[in-house]
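One structure below.
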Amino acid sequence: MRQNELMVWQDPTSLTGTHSRAWAVLTGRRSQDIARTLGIGDPQASSECIACHGDPAQGRGPRFLQSDGVGCEACHGGSGGGSVNWLASHAAVGASHADNVARGLWPINEPGVRASVCLDCHYGSAKPGQFVTHRIMAAGHPRIAFELDLFTSLQSHHDEDSDYAARKGIQPGIKIWAVGQAMAVSRALKLYPPRAAGNFPEFYFFDCRSCHRTFSDDLTVGVAGRTNPARPIPPGNVVWNDESLIMLAAAAKVAAPALAGELDARTRSFHTALGGDRAGALKAASALAATADKLAASFEAARFDERQTFAMLDAVLQGDAARLTDYQGGAQAVMAADTLIASLVKDRRITPAQAAAMRPALDRAYAAARDANAYEPAALRSALAGVAGQVRALQ
């Protein structure tokens, strides 16, 4: 270990320091306004906030401070002693990664483990205080989005050098991205049943703008609803937020074609079932979650080659572009394009200069997905097509 990880984690000027600032965010005006609206008092004392803005780890070490925010143990597991005591050993001369895992360190070098840990706060979990309900969002909490490989890059606290590779191996970005998308789908579908009680479902799972759109009785104003080729649902249905499902479909077609048809069929069945009765919707959710789990396992075991990376990037940019009818899916596609291009650079399949040449086109795609209230699917598709043209020229 270089033992500069703490300084990187605390960097006040960089995105790599975001986790260390998560606790301080709760003292800001927005957090205070949200807490006041919810009637929960001090957000730094509320169980609805501290499990994600603080450190939820069990078996914490003796030097734990909640004011540190999302610290080492939040992502790497508790280190409080007994059989869980990796903190001292992980930097010791001669210690191995296997030794540290045996002492309780979470092996987040494995994409599936990393996705599970990150999803707890960056999407939600069944653990107390780790779910941003529609009620909390209505009070002003930002919309939750998840993209494992991009978030990993932004929060990297160490160098993946030759020593790191020898100890743990380096997973390609495309694998981290694909596993993350599959597990995000699975997590949402598994959290949905216990939250789908009452007169209304938990709207957190649904596309915000399928309800939050302007409307008018003026017959000259066009209908706001959009037709999506993968959603066989009638007008008026609340739409499931399928941003990760769209990305998962693109990944499956390239890396797990034997499961791609099953995913498509079960996705359509799930969308249809949401317009029916509760029992049917929950049954369809369970079936789709099982397919997502199979895809996550398949991706984790896969060896992604250059052809697959280019093909997956093309599938995101063009293959499923017709499904990018809503803001969440468009934003997810832009993040996917960025992370897959970075993966090609990291794996030395394209040069940094070639990636830099694509930056203006990618920036146009980001601009098209910057403002959710001004999102135009055609503009986003046009921008992604420009990126796709440059990518194809490199093959």
Side-chain angles (χ1 to χ4, degrees), residues 1-31 49-57 65 67-76 106 108-109 111 114-124 130 132 141-161 164 170-174 176-177 179-181 184 243-244 247 327-328 330-346 352 355-356 358-360 362-372:
M1 302 300 296
R2 294 180 182 271
Q3 301 191 42
N4 66 342
E5 293 78 24
L6 180 64
M7 290 186 292
V8 175
W9 170 78
Q10 288 179 328
D11 188 340
T13 64
S14 169
L15 287 170
T16 59
T18 301
H19 277 160
S20 69
R21 299 191 291 270
W23 184 253
V25 164
L26 296 179
T27 65
R29 178 178 175 179
R30 184 173 193 169
S31 296
C49 306
I50 62 177
C52 285
H53 283 269
D55 191 334
L65 292 173
S67 59
D68 281 342
V70 180
C72 304
E73 292 169 298
C75 298
H76 296 282
W106 294 343
I108 61 172
N109 58 302
R114 185 184 309 177
S116 182
V117 171
C118 296
L119 279 164
D120 284 353
C121 285
H122 288 279
Y123 185 83
Q130 287 190 329
V132 182
H141 194 285
R143 186 182 74 87
I144 300 296
F146 180 76
E147 206 288 80
L148 184 62
D149 187 60
L150 183 60
F151 288 8
T152 294
S153 299
L154 295 176
Q155 289 297 303
S156 180
H157 301 148
H158 53 75
D159 297 312
E160 292 187 348
D161 53 16
Y164 181 99
I170 297 177
Q171 301 290 349
I174 184 175
I176 296 171
W177 173 80
V179 171
Q181 295 297 336
E243 56 183 324
S244 290
M247 298 299 102
Y327 171 76
Q328 282 94 326
Q332 193 69 230
V334 178
M335 288 193 291
D338 205 351
T339 198
L340 292 172
I341 290 169
S343 179
L344 287 167
V345 174
K346 182 178 178 181
M358 286 187 269
R359 197 75 233 175
L362 190 58
D363 286 343
R364 286 193 292 275
Y366 269 112
R370 179 171 293 123
D371 184 355

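Computed from a predicted model, the values in this text were never measured in an experiment. The residues of the chain are indexed from 1 along the displayed sequence.
A donor-acceptor pair under 3.5 Å is absent between the side-chain atoms of Asp55 and the main chain of Gly69, judged by distance alone. Counting only distance, with no hydrogens or angles, the side chain of Gln10 and the backbone of Ser20 share no donor-acceptor pair below 3.5 Å. A donor-acceptor pair is defined here as one N or O able to donate and one able to accept, closer than 3.5 Å; no such pair exists between the side chain of Arg114 and the backbone of Leu148. Side chain of Thr16 to main chain of Val8: a donor-acceptor pair is present (N/O by atom type, distance under 3.5 Å, no hydrogens or angles). The backbone N or O of Val25 lies less than 3.5 Å from a partner atom in the side chain of Ser31, making a donor-acceptor pair. Formation of a donor-acceptor pair under 3.5 Å by the Trp9 side chain with backbone atoms of Val70 is found in this model.
Between atom CG of residue Leu154 and atom CD of residue Glu147 there is a gap of 9.5 Å, rounded to the nearest 0.5 Å. Asn109 CG to Ile176 CD1: the interatomic distance, rounded to the nearest 0.5 Å, is 9.5 Å. Within the model, atoms OH of Tyr327 and CZ of Arg370 stand 9.5 Å from one another, a figure rounded to the nearest 0.5 Å. Ile174 CD1 to Thr339 OG1: the interatomic distance, rounded to the nearest 0.5 Å, is 9.5 Å. We find the CD-CG distance between Gln181 and Asp149 to be 10.0 Å, quoted to the nearest 0.5 Å. Atom OG in Ser153 sits 7.0 Å away from atom NZ in Lys346 (nearest 0.5 Å).
Considering every non-hydrogen atom in both Met247 and Ala336, the closest pair reads SD-CB, 3.8 Å. The shortest heavy-atom contact between Val334 and Ala369 is CG2-CB, 4.2 Å. Ile108 approaches Cys75 most closely through the heavy-atom pair CG2-O, 3.5 Å. Contact between Gln130 and Cys121 at its shortest, heavy atoms only, is NE2-SG, 3.6 Å. Scanning all heavy atoms of the two residues, the minimum distance from Gly173 to Ser343 falls at N-OG, 3.5 Å. Closest approach of Phe151 and Phe146 over heavy atoms only: CE2-CA, 3.7 Å.
A donor and an acceptor atom, one from each side chain of Tyr366 and Asp338, are located under 3.5 Å apart. At a cut-off of 3.5 Å, with distance as the only test, no side-chain donor of Glu243 or Gln328 sits close to an acceptor on the other residue.
At least one side-chain heavy atom of Pro142 sits under 4.5 Å from a side-chain heavy atom of Arg30.
Considering only residues two or more places apart in sequence or on other chains, His76 meets the ring-ring contact (aromatic ring centres under 6.0 Å, His included) condition with none of them. Under the salt bridge (Lys or Arg N to Asp or Glu O under 4.0 Å) criterion, Asp363 pairs with Arg359, not counting sequence neighbours. Remark: Ala355 engages Ile341, Val345, Ile350 in a side-chain contact (heavy atoms from CB on, under 4.5 Å) (not counting sequence neighbours).
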Item to complete: Apply the test side-chain contact (heavy atoms from CB on, under 4.5 Å) to residues Trp23 and Asp68: give CA-CA distance (whole Å), side-chain angles for both, the deciding distance (0.1 Å), then the verdict.
Response: CA-CA 7 Å; Trp23 184 253; Asp68 281 342; over 6 Å; no
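Note on ring orientation: taking the six-membered ring where Trp is involved, the planes of His141 and His53 are perpendicular (angle over 60°, cut-offs 30° and 60°).
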